[in-house]
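Below you'll find the structure, written out as C-alpha cells, and then a few comments.
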Amino acid sequence: MVNRKILSLVFVRESTKILLGFKKRGFGQGRWNGFGGKVEQGETIEEGAIRELQEEAGVLSHDLSKIGLLEFEFVGEPTILQVHVFTTTSYIGLPTESDEMKPQWFEVDRVPFDEMWPDDSLWFPLMLKGAKFQGYFLFHGHHNILKYNLEEVERFKY
Ligand SMILES: Nc1ncnc2c1[nH]c(=O)n2[C@H]1C[C@H](O)[C@@H](COP(=O)(O)OP(=O)(O)OP(=O)(O)O)O1
C-alpha cells in the first residue's frame with residue numbers, strides 16, 4: 001500500500017533574489033533547497049511551513065502563498081512525498097544558519113541547479129514567473145528522474 005508523507009517547502013523572495021539553504025544533514029544533504037520539512041500532527045500544512053522556515057532559516061513570515069504541489073515517488077519505496085510549495089516576500093528577521101541549513105541569497109538567474117534536486121530546474125521557471133504548478137516525479141535513487149509530469153494549474157487538487 002502506498003502512503004503519503006506531507007512536507008512543506010518555502011522560498012523567500014526579494015526583487016531579483018531568492019533565499020536558498022544548504023542542507024547540512026538528513027534528507028537532501030549537500031543540496032541547496034528552500035526551507036521546510038515534515039508537517040507535524042496537529043498543525044496545518046501552512047503552520048508547518050511557517051515553523052520550518054523559522055527553525056531552519058531564522059525568519060518569520062505569516063504571509064505565505066501556496067504556489068506548488070509536487071509528489072515524489074522512489075522506485076522500491078512505499079512512501080510518496082507530497083511537498084506543498086510556498087513563497088513569501090514578507091518576513092521579519094535576518095536569515096541565520098541553523099543546525100540543518102545554511103541560508104544564502106542567490107540572484108534568480110544564478111540558481112545553483114547543479115547542486116539541487118534534479119526536479120528543481122524543471123519547476124523553478126514556473127515558480128519564478130509567478131505561476132502555480134503541480135507535478136509528479138518518479139525517482140530511481142536520489143539522482144535520476146525516470147518519468148515526470150508537470151503542469152501549470154489555476155488551483156490545486158489538495
Ligand atoms: N525532489 C525534491 N525537490 C525539492 N525539494 C524536495 C524534494 N524532495 C524533498 O523532500 N524536498 C523538500 C521537502 C522538504 O522541504 C525537505 C525535506 O524535509 P526533511 O528535511 O526531510 O524534513 P524535516 O522535518 O526538516 O527533517 P528532520 O528535522 O526530521 O530531519 O526537502
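Atoms within each ligand, like the ligands themselves, are counted from 1 in listed order. Computed from a prediction, not measured in an experiment: that's the story for all the values here.
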- Message: Strictly distance-based, threshold 3.5 Å: is any side-chain N or O of K38 a donor or acceptor partner for the main-chain N or O of S8?
- Response: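 Side chain of K38 to backbone of S8, a donor-acceptor pair under 3.5 Å: no, none is there.
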
- Query: Do E73 and Y136 have side-chain heavy atoms sitting under 4.5 Å apart?
  - Reply: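 Side-chain contact under 4.5 Å: yes.
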
- Query: Mind checking whether W123 and F11 have parallel, tilted or perpendicular rings, split at 30° and 60°?
  - Reply: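 Rings of W123 and F11: perpendicular, over 60°.
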
- Message: Using a 4.0 Å cut-off on heavy atoms, what residues surround ligand 1? Order them by chain and number.
- Response: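 Residue list for ligand 1: L7, S8, L9, K23, R25, F27, N33, G36, G37, K38, E52, E56, F72, L81, V83, E100, W117, D119, D120.
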
- Ring-face cation of K147 near F137 (centre distance under 6.0 Å, axis angle within 45°):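 Judged by the rule (NZ or CZ under 6.0 Å from the ring centre, within 45° of its axis), K147 is not positioned above F137.
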
- Message: Could you tell me if E107 and T16 have a donor-acceptor pair between their side chains, going purely by distance under 3.5 Å?
- Response: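 Short answer, yes.
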
- Under a 4.0 Å N-O cut-off, is there an ion pair linking E152 with K129?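 Salt bridge present between E152 and K129.
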
